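Worksheet for the structure shown next.
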Amino acid sequence: MDDTPVLALDAEERRRAGDRLLTLLDDHERGLRKAPIVPDLDRDLLTELLRTPMPAKGIGVDALFDEITDRILPNSTTVAHPRFLAYVQGPPTGIGPYAEAVAAAINQNCNFWQLSPAASVVERSVLTWLGDVVGYPAGADGVLTGGGSLATLSGLAVALHDRAPDFRSVGLQGQPAPLVVYTSAEAHRSVDKAAAVLGLGLDHVRHVPVDDRYRLRVDALAAMVAADREAGLRPFCVVATSGTTTTGSVDPLDPIADLCAAEDLWLHVDGAYGALFLLCEEKRDLLAGCARADSISLDPHKLLFAPLEAGCLLVRDAAKLRSAFAFSSSYLTVAADPLMTDYMDHGPQLSRDFKALKVWAALRVFGVDAFRTAIGGTLELARHLARRIEAEPTLELLAPVELTAVCFGFRGVADHSAVLARLAAEGTALLGPAAVRGRSAMRACVTNYRTTRADVDLLVDRLVAAGP
Ligand SMILES: Cc1ncc(COP(=O)(O)O)c(C=O)c1O
């Protein structure tokens with residue numbers, strides 16, 4: 001008699017699932033360059049998928065892998081394709097899928113340490129490594145999040161708890177005056193979203209103008225803070241960006257940190273795109289000011305090539321992080337252990353997956369020097385692309401290239417959407433649309449360790465040959 005529990009696989013099914021998975025991963029890796037970057041969607045099939053009722057009886061392991069291979073994969077975007085250049089999204093490291101499988105198998109709940117002792121230590125180890133990259137002191141701590149947006153949301157929550165009197169009890173409703181947050185006109189919309197979600201309200205987000213290199217203007221910031229104080233409002237936080245999404249500009253972190261110190265403002269740095277360029281010697285001076293932030297968002301699912309999701313919030317003073325998020329409850333109490341961390345006290349989540357494993361595993365397997373090489377390679381390719389664009393009379397670079405985002409366009413063309421659509425349809429490359437000082441642009445962001453010079457040359461050659 002088969003004594004396999006109802007939702008478990010028997011030995012033969014486990015072997016089949018393993019074989020099918022290995023084949024799928026291997027085919028995926030080998031097929032990346034030839035796969036369409038953007039799938040030719042089978043809308044009928046997707047509609048049928050949508051309408052399929054919940055099955056009463058299962059189809060079994062092989063039929064499931066057939067469905068994944070025949071229906072899911074052909075209708076998925078090849079984000080790891082070397083000429084997927086549209087967003088700040090890297091491909092996962094080679095070890096990523098395997099680490100994810102292990103994390104799913106052991107299913108540690110990274111809420112309090114008793115449910116995840118080794119995971120608690122691994123997460124702390126990853127956070128310490130990342131804190132060291134940023135230049136944070138030993139008293140810093142953090143938490144891995146679902147991404148940069150959630151890291152910034154949590155960072156602003158910590159700032160509110162620290163700067164708004166009695167925030168935990170009275171919230172925003174009990175504040176004597178509205179609180180105001182400042183960020184640049186080029187900041188990621190996750191800052192606005194965080195302010196809206198936290199109840200600050202978009203009316204209390206100031207978008208500070210930028211200079212000719214798309215960096216927050218500190219003189220304008222100072223003037224806005226002064227005007228708000230004059231009007232009886234309460235400035236409490238500045239969100240600077242190290243690596244804006246559109247152009248990769250880095251706000252002047254040191255002068256902003258000086259102003260924040262003088263004005264008693266919390267400084268959060270949105271380093272989701274750019275902060276991990278600190279790994280590269282050539283960008284260290286540019287980004288050194290990250291170390292002065294009260295809190296910072298990073299994205300291991302971008303420059304550390306972790307499979308989604310892996311964001312990170314670091315807070316310079318661990319006690320402030322915990323004062324925002326630690327709550328006691330009789331049913332979630334375990335004896336404190338100095339080796340362990342209860343991550344439910346570092347963020348809004350209770351049940352949490354073991355995100356740290358995929359980040360830690362990749363650093364263990366490849367070593368940080370391999371990441372420096374990969375990231376350095378993307379910087380060099382972005383410069384190569386910029387040089388090629390500058391050398392073409394029909395093309396025009398529309399912003400300085402600080403990191404790996406390259407904004408450019410055809411001279412005299414007011415709308416690049418048709419060019420972008422054509423590049424994607426013919427399989428040349430997926431680029432993103434951008435608006436640079438109100439002008440339509442194309443944006444290529446090199447975030448892929450598989451992208452080569454030949455890929456960049458192919459893109460430019462095709463653009464020049466086909467024209468706008
Ligand atoms: C500057 C910046 N901040 C925040 C984000 C949002 O990060 P996530 O998608 O991980 O939430 C991005 C995404 O590209 C970004 O470029």
Side-chain angles (χ1 to χ4, degrees), residues 77 79 84-92 96 130 134 142-157 181 183-198 205 207-208 210 214-216 237-251 253 256 267-278 283 286-287 289-290 293 295-314 347-349 353 355 358-359 375 378 382 399 401-407 430-436 443-448:
T77 304
V79 294
F84 174 97
L85 301 167
Y87 304 100
V88 196
Q89 177 168 353
L130 295 176
V134 167
V143 64
L144 295 184
T145 65
S149 306
L150 284 178
T152 292
L153 180 85
S154 296
L156 286 187
V181 58
T183 196
S184 99
E186 292 288 315
H188 192 263
R189 68 172 187 172
S190 53
V191 180
D192 283 353
K193 206 168 181 177
V197 169
L198 290 168
V205 183
H207 293 107
V208 183
V210 292
Y214 304 95
R215 300 171 302 189
L216 180 146
C237 178
V238 175
V239 180
T241 310
S242 61
T244 57
T245 312
T246 301
T247 67
S249 60
V250 176
D251 288 340
L253 300 172
I256 294 173
L267 173 57
H268 179 83
V269 168
D270 176 1
Y273 168 24
L276 286 170
F277 283 103
L278 274 163
K283 293 295 171 192
L286 178 72
L287 296 163
C290 288
S295 55
I296 180 165
S297 310
L298 312 171
D299 251 353
H301 66 209
K302 294 186 168 66
L303 295 190
L304 290 184
F305 307 103
L308 295 165
E309 302 163 350
C312 173
L313 170 70
L314 294 174
Q349 270 183 279
D353 63 353
K355 291 189 199 313
K358 56 198 172 190
V359 182
I375 299 169
T378 62
V401 176
E402 193 74 85
L403 300 175
T404 54
V406 182
C407 291
L430 186 72
L431 306 187
V436 182
R443 176 176 169 284
C445 190
V446 189
T447 328
N448 189 331

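Everything quoted here is computed from the prediction, not taken from an experiment. All ligand and atom numbering here is 1-based and tracks the order in the structure.
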- Lys358 side chain to Pro307 main-chain N or O, any donor-acceptor pair under 3.5 Å? yes

Ligand 1 contact by Glu309, heavy-atom criterion under 4.0 angstrom | no

Do any N or O atoms from the side chain of Ser184 and from the backbone of Glu186 form a donor-acceptor pair under 3.5 angstrom? yes

Atom 11 (O) of ligand 1: closest protein heavy atom, distance to 0.1 Å, is Ser149 OG, 2.6 Å

For Ser190, the atoms of ligand 1 under 4.0 Å from one of its heavy atoms are 4 (C)

| message | Evaluate Thr244 for polar contact with ligand 1, using N/O atom pairs at a separation under 3.5 Å. | response | no

* Asked: Do any nitrogen or oxygen atoms of Lys302 come within less than 3.5 Å of a nitrogen or oxygen of ligand 1?
  -> yes

Side chain to side chain donor-acceptor pair (under 3.5 Å) test vs Thr244 passes for just one of Thr241, Thr246, Thr247, namely Thr247

Within 4.0 Å of some non-hydrogen atom of Gly147, the atoms of ligand 1 are 10 (O), 11 (O)

Between the OG1 atom in Thr145 and the CG atom in Asp299, the distance rounded to the nearest 0.5 Å is 6.5 Å

Point to revise | Under 3.5 Å: donor-acceptor pair, side chain of His207, backbone of Ala185 | key: no

min-distance protein heavy atom vs atom 10 (O) of ligand 1 -> Asp299 OD2, 2.6 Å

So, 4.0 Å and heavy atoms of Gln89: is ligand 1 close enough to count as a contact? no

Which of Val269, Val250, Leu276 passes side chain to side chain contact (heavy atoms under 4.5 Å, CB included) with Leu287? It is Val250

Quick note on ligand 1: atoms under 4.0 Å from a heavy atom of Ala272 include exactly 2 (C), 3 (N), 4 (C), 5 (C)

| query | Got Thr245 and Arg443 here, is their nearest side-chain heavy-atom distance under 4.5 Å? | reply | yes

Would you call the rings of Phe84 and Tyr87 parallel, tilted or perpendicular if under 30° counts as parallel and over 60° as perpendicular?
tilted

When distances are taken from atom 3 (N) of ligand 1, the protein heavy atom at minimum range is Asp270 OD2, 2.7 Å

Query raised in the report: So, is Thr245 polar-close to ligand 1, with some N/O to N/O distance under 3.5 Å?
Result: yes

Checklist entry - Side-chain donor-acceptor pair under 3.5 Å between Thr404 and Tyr273, yes or no? => result yes

Closest to atom 8 (P) of ligand 1 among protein heavy atoms sits Gly148 N, 3.4 Å

Would you say Gly243 touches ligand 1, if touching means a heavy atom closer than 4.0 Å? yes

Counting from 1 in the order shown, the ligand 1 atoms closer than 4.0 Å to a non-hydrogen atom of Tyr273 are 16 (O)

